[in-house]
Participant: 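Here it is, the structure in full.
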Amino acid sequence: MHRSEITVDLGAIRHNARRLLEALDGAELWAVVKADGYGHGAVDVGRAALEAGATALCVATVDEALELRRELPDARILVMGPTEQVAEAREARLELAVVRDGEIPPDIPVHLKLDTGMGRWGRAELPELPANVVGLMSHLATSDSDPDFAAQQIERFREATEPYAHLTRHLANSAAALRIPEARFDAARCGIALYGISPYNTDPAEDGLRPALSWRSHLAQVRLLQPGESTGYGRWFVAERPTWIGIVPVGYADGFRRDMTGTEVLVDGERRRAVGTVSMDAVAVELDRELEVGAPVTLIGDGILIERHADIAGTIGYEIACGIESSPGRATRAIRD
Ligand SMILES: *Cc1c(COP(=O)(O)O)cnc(C)c1O
């Protein structure tokens, strides 16, 4: 038996792409598949998103783009982060976001990034635009949290780019695509919602999204702790009464983070708490009775939401998803089409 299995449901990806396209009301959907598709698998997700109507794929680095290019010869691919690998990008027919001051690389389609308030990448003002500039972009800092600041950014972007309405103007991420119609412009770069994870860390069903990833394992050990006995490093969990616990062979090296202690998973179909210290390769769950070794455990999926794990860990769904380790030595990954 494998330690754990990750399943990615491409039907859910296609559903979420269609949901975003409906929200975008005519603007293009560009699927963001950086960081190996937020841990879901960039090529599979990218292909599914294109099948469902997305018209481009966005990644952070040229190397991520080259991996996509090998499998998707005709896809439009935009590299959103800064890069020195311009020749390779040209050769692979990529498009580049130019996110810093300085020279605009020639002979490759370029999207110029304006800083309208993110305070990270992008120019303060637009320069004279050479003919290979095909797009103008910016990025919202607070589309999930502060609509007033987002509105200011949208207005700055609108003003600065108004004279260039013939170029593709793109500003929205998932949170803006779903809930801020004014941010749509010509295209939206959507990542998190495509995976069925809420950009607001709420239940994704509220926005009509379907989680695509499930992560399942099993009990590899079941034992009875007597009062005063503990499980795990540091003795964080000490039994007050005779207590059955199960050990799941997944730990923080697999992406089940140490600060997720206390979160709920499904054990044999019932919600149970992870207790004690999550170790590198194992986590304990508190049971209400003796269960068989091999009993199924769902860490994510079947109603167990990434967003709840993120709440417990004091982070966002993005970080939980990107942190799931799917290398063959740790987990198997299956695609459901
Ligand atoms: C990652 C990223 C996105 C996608 O954001 P989501 O919140 O995942 O939709 C869009 N634009 C840029 C520049 C990004 O880096």
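When a ligand or atom number is given, it counts from 1 through the structure's own listing order.
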Participant: Would you say the side chain of Leu112 lies within less than 4.5 Å of the side chain of Leu129, judging by non-hydrogen atoms?
Facilitator: yes
Participant: Can you tell me which residue and heavy atom of the protein come closest to atom 8 (O) of ligand 1, and the distance to 0.1 Å?
Facilitator: Tyr38 OH, 2.6 Å
Participant: Relative to each other, are the rings of Phe256 and Trp215 parallel, tilted or perpendicular (30° and 60° limits)?
Facilitator: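 Ring orientation, 0 to 90° scale: tilted.
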Participant: With no hydrogens and no angle check, is any side-chain donor or acceptor of Thr261 less than 3.5 Å from a backbone partner on Gly276?
Facilitator: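 Answer holds: yes.
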Participant: Counting each atom of ligand 1 from 1 as listed, which ones have a heavy atom of Cys190 under 4.0 Å away?
Facilitator: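 Heavy-atom distances to Cys190 below 4.0 Å select 9 (O).
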Participant: Pairs of nitrogen or oxygen atoms closer than 3.5 Å, one from Met80 and one from ligand 1: do any exist?
Facilitator: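 Between Met80 and ligand 1 (N or O atoms, distance only) the closest approach is not under 3.5 Å.
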Participant: Check for a donor-acceptor pair, side chain of Thr161 on one end and backbone N or O of Tyr164 on the other, with a separation under 3.5 Å.
Facilitator: no
Participant: Please determine whether side chain to side chain donor-acceptor pair (under 3.5 Å) holds for the pair His139 and Arg189, giving the CA-CA distance in whole Å, both sets of side-chain angles, and the decisive distance to 0.1 Å.
Facilitator: CA-CA 9 Å; His139 196 33; Arg189 306 179 305 269; 3.3 Å; yes
Participant: One residue to check: Arg189. Relative to ligand 1, which of side chain, backbone, both or neither has a non-hydrogen atom less than 4.0 Å away?
Facilitator: both
Participant: Have a look at ligand 1 and work out which part of His111, if any, has a heavy atom under 4.0 Å from it: side chain, backbone, both or neither.
Facilitator: neither
Participant: Would Lys34 count as a polar contact of ligand 1, with the cut-off being nitrogen or oxygen pairs under 3.5 Å?
Facilitator: yes
Participant: Give me the residue, atom name and distance of the protein heavy atom closest to atom 9 (O) of ligand 1.
Facilitator: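 Nearest protein contact, heavy atoms only, for atom 9 (O) of ligand 1 is Ser174 OG, 2.6 Å.
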Participant: Under a 4.0 angstrom heavy-atom cut-off, which atoms of ligand 1 come close to Lys113?
Facilitator: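 In order of number, 13 (C).
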Participant: Considering both backbone and side-chain atoms of Ile192, is one of its nitrogen or oxygen atoms within less than 3.5 Å of a nitrogen or oxygen in ligand 1?
Facilitator: yes
Participant: Which label fits His40 and Tyr195: parallel for a plane angle under 30°, tilted from 30 to 60°, or perpendicular past 60°?
Facilitator: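 Aromatic pair His40/Tyr195 classed tilted.
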Participant: What class does the angle between the rings of Phe157 and Phe185 fall in, given that below 30° is parallel, 30 to 60° is tilted and above 60° is perpendicular?
Facilitator: perpendicular
Participant: Please report whether ligand 1 has a polar contact with Tyr318, defined as an N or O pair separated by less than 3.5 Å (distance criterion only).
Facilitator: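 Yes, at least one N or O pair falls under 3.5 Å.
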